[in-house]
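Here's the structure, in structure tokens; my notes come after.
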2 protein chains.
Amino acid sequence: MSPSRRTRRATGRGHSGGGARHGTAAGQALTGSVEDYVKAIYELAGASGGAAATTDIADRLAIAPPSVSGMLRRLAALELLTHEPYKGVTLTAAGRRAALRMLRRHRVIETYLARQLDYPWDRVHAEAERLEHAASDELIDRMASTLGEPAVDPHGAPIPSREGTMADIPQRMLADQPVGARTRVTSVSDDDPALLRYVASLDIRPGASVTVVERGPFEGPLTVRVSGKGGTERQHVVGLAVARAVNVDAPRGPARRGG
Amino acid sequence: MSPSRRTRRATGRGHSGGGARHGTAAGQALTGSVEDYVKAIYELAGASGGAAATTDIADRLAIAPPSVSGMLRRLAALELLTHEPYKGVTLTAAGRRAALRMLRRHRVIETYLARQLDYPWDRVHAEAERLEHAASDELIDRMASTLGEPAVDPHGAPIPSREGTMADIPQRMLADQPVGARTRVTSVSDDDPALLRYVASLDIRPGASVTVVERGPFEGPLTVRVSGKGGTERQHVVGLAVARAVNVDAPRGPARRGG
DNA sequence: TTGTAAAGTTAGGCGCACCTAAATATTCTG
DNA sequence: CAGAATATTTAGGTGCGCCTAACTTTACAA
């Protein structure tokens, strides 16, 4: 068994340690870390191509700011973003492409887990967070195809297409809606399972109608009326954290009429 | 946004760098590397608890022998194996448990990909090789449950149970069968996609009947008669690499009668 | 039994991705 | 506009998991 060994190793990895784990077909092979950074920056800066701050990235990835500083230098060298020291970073076209690819992976996986494997709403995120780095493009596409190319994930977030385009659904936080506005829930932020479970227990899900009935003073809690799919109508008082996690579409005409 | 950061980071990762990526519920949290080593050693040493050689491990993982030496020391510290320097390594009970867990993950994923996502036979292995490290135990169990707790993977290898036990199907290589023996294919080694495609093209799959008709001299090629499921009967000359990748169960009575 | 080939180990390095502590730049506030 | 608070970067360090080169142990054969 001796000659085969040298041969195989000589063919594969070349020289020094560390490095990328697996190929991804699109462009270079990115590590899981790089993928996480790019996705986080995209989510912070938005599709508009704005800048993201070091501290915000650090916060989102639960990493110390100096570590982020160092990594940003490497991401800039990879031409995934431009870095103006002390100012912030902006994704390049390649960076946005990489980010949208990860967003697609994440959301396709979430949708697949929920629909095909009966995963509960609040657990798909954590599972997808790990699988999105390990799945091949083929697997993602097979999942999407099995699901009939879904347009949104279980939390209502739009799924980027295979080609890397995403519907730009205008999002506004429930927290910003005026009293009396009748809105439709488009999506719910998915990164806190406990909050997600709580929101679901209030029947606040994509598609539900929510009307702001009252608003406490000094950024206080909101009283909202929720019309679920089954015609149910309930009223709740929710804190700002909840109101900020819920995104709604355009107001659907003033709800109040007689008062 | 400043106070939340310190808090979150202080809660999570503690101090120094590197380390495990994600928890696995069973025992400690093992890195992907550790999982690969343990699985490889199990496959080399067999369920019988034999010893594995450094070079063989290195060969199987496509890693240089000194790297393996170093890692074995760490695996020994984790009490997953015992290491007699210059002799070889033997998995402990914990090591065998960890290996069987990985084997289950790998084979459940392979089966799921093939049955639910129409993955071709020869591509499930590579995909599973990456997913097995990222999937949670919950996901594996949901997959297995969806499939009706399958007993074997697409290549015929037995799937360890949730509790970590595996049917010990006696395996013998087709290459070792005597001329005239009529055997049933139990499994086909899955790590070489090209070989797998070739074997499939000969209708040699788990369940097929194979009779050794002739055997070339000096470890030469074998002539085999293959009876597929559809009652087809074909004859092929296969090389030793193929004959060694195909495992068969007990001979099913002598096939020849008048000869 | 002794000499050599093969297998295995030690020694010394490297890149990645993280860390803390300390310096520096920017932004707010009085 | 000075000083404080905050954001960011530099400096120096760690463990992991790999590498090559060189050495040691073991196994086999003359």
Side-chain angles (χ1 to χ4, degrees), chain A residues 1-6 8-22 28-38 40 44 51-78 83-89 133, chain B residues 1-6 8-22 28-38 40 44 51-78 83-89 133:
Chain A
M1 79 186 61
S2 42
S4 73
R5 180 181 107 227
R6 284 244 145 241
R8 212 210 287 182
R9 195 140 39 73
T11 310
R13 54 198 73 220
H15 39 100
S16 54
R21 302 276 155 59
H22 57 271
Q28 316 95 32
L30 307 180
T31 65
S33 244
V34 167
E35 292 172 342
D36 280 339
Y37 274 84
V38 168
L44 286 170
T54 301
T55 314
D56 293 346
I57 300 168
D59 198 28
R60 185 165 257 268
L61 298 176
I63 281 170
S67 308
V68 173
S69 251
M71 185 61 110
L72 293 183
R73 202 194 327 289
R74 290 204 288 126
L75 296 181
L78 288 172
H83 185 197
E84 280 224 78
Y86 289 100
K87 295 292 181 174
V89 292
H133 303 297
Chain B
M1 82 185 56
S2 43
S4 73
R5 179 181 109 226
R6 283 246 145 243
R8 213 212 284 182
R9 195 140 39 75
T11 310
R13 53 198 72 220
H15 39 99
S16 54
R21 301 277 156 59
H22 58 272
Q28 317 94 32
L30 306 180
T31 65
S33 244
V34 167
E35 292 171 342
D36 281 338
Y37 275 84
V38 168
L44 286 169
T54 301
T55 313
D56 293 347
I57 300 168
D59 198 29
R60 186 165 255 268
L61 297 176
I63 280 170
S67 308
V68 173
S69 252
M71 185 62 111
L72 293 182
R73 199 193 332 287
R74 290 203 287 127
L75 296 182
L78 288 172
H83 185 195
E84 280 225 78
Y86 291 99
K87 296 290 181 176
V89 293
H133 303 299

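So you know, we letter chains A, B, ... as the sequences are listed, proteins then strands, and number each from 1.
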Query raised in the report: How long is the line joining CE of B/M71 and P of D/dC16, in whole Å?
Result: 9 Å

**Report entry** Spacing between A/L72 atom CG and C/dA17 atom P, to the nearest angstrom
**Finding:** 13 Å

Query raised in the report: Base, sugar-phosphate, or nothing for A/S33, non-hydrogen atoms under 4.0 angstrom?
Result: sugar-phosphate

Query - Single hit among B/L72, B/L75, B/V68 for side-chain contact (heavy atoms from CB on, under 4.5 Å) with B/V89 - result: B/L72

Requested in this report: Could you tell me the separation between the OH atom of A/Y86 and the P atom of C/dT27, rounded to a whole number of Å?
Outcome: 12 Å

Report summary line: Note: for A/P66 and B/R73 on DNA chain C, the residue whose nearest nucleotide lies more 5' is B/R73

Report task. Identify, between A/K87 and A/S67, the residue whose nearest nucleotide on DNA chain C lies closer to the 5' end. Result -> A/S67

Query raised in the report: Between B/Y37 and D/dC18, is there a side-chain N or O to OP1/OP2 distance below 4.0 Å?
Result: yes

Query raised in the report: According to a strict under-4.0 Å criterion, is A/H83 in side-chain N/O contact with OP1 or OP2 of D/dT8?
Result: no

Requested in this report: Could you tell me which non-hydrogen atom of A/M71 sits nearest to which non-hydrogen atom of A/S33, and how far apart they are?
Outcome: CE-CB, 3.8 Å

Query - Rounded distance in Å - CG (B/L30) to C1' (D/dG17) - result: 15 Å

Query raised in the report: If you take all heavy atoms of A/L30 and A/E35, which pair is closest and at what distance?
Result: O-OE2, 3.8 Å

Report task. Verify the contact: side-chain N or O of B/T54 to OP1 or OP2 of C/dT9, cut-off strictly under 4.0 Å; return yes or no. Result -> yes

Query raised in the report: Counting side-chain heavy atoms from CB outward, which of C/dA17, C/dC19, D/dA7 is closest to A/I63?
Result: C/dC19

Report task. Show your working on side chain to side chain contact (heavy atoms under 4.5 Å, CB included) between B/H133 and B/D36 and close with a plain yes or no. Result -> CA-CA 9 Å; B/H133 303 299; B/D36 281 338; 2.9 Å; yes

**Report entry** Interatomic distance where CG belongs to B/L78 and C1' belongs to D/dG15 [whole Å]
**Finding:** 13 Å

Query raised in the report: Does D/dG17 have OP1 or OP2 sitting under 4.0 Å from an N or O in the side chain of B/T31?
Result: yes

Requested in this report: Show your working on side chain to side chain contact (heavy atoms under 4.5 Å, CB included) between A/I63 and A/Y37 and close with a plain yes or no.
Outcome: CA-CA 11 Å; A/I63 281 170; A/Y37 274 84; 3.7 Å; yes

Query raised in the report: How many Å lie between CG on A/L61 and P on C/dC19, as a whole number?
Result: 10 Å

Requested in this report: Mind calculating the distance between CG (B/L75) and P (C/dT9) to the nearest angstrom?
Outcome: 12 Å

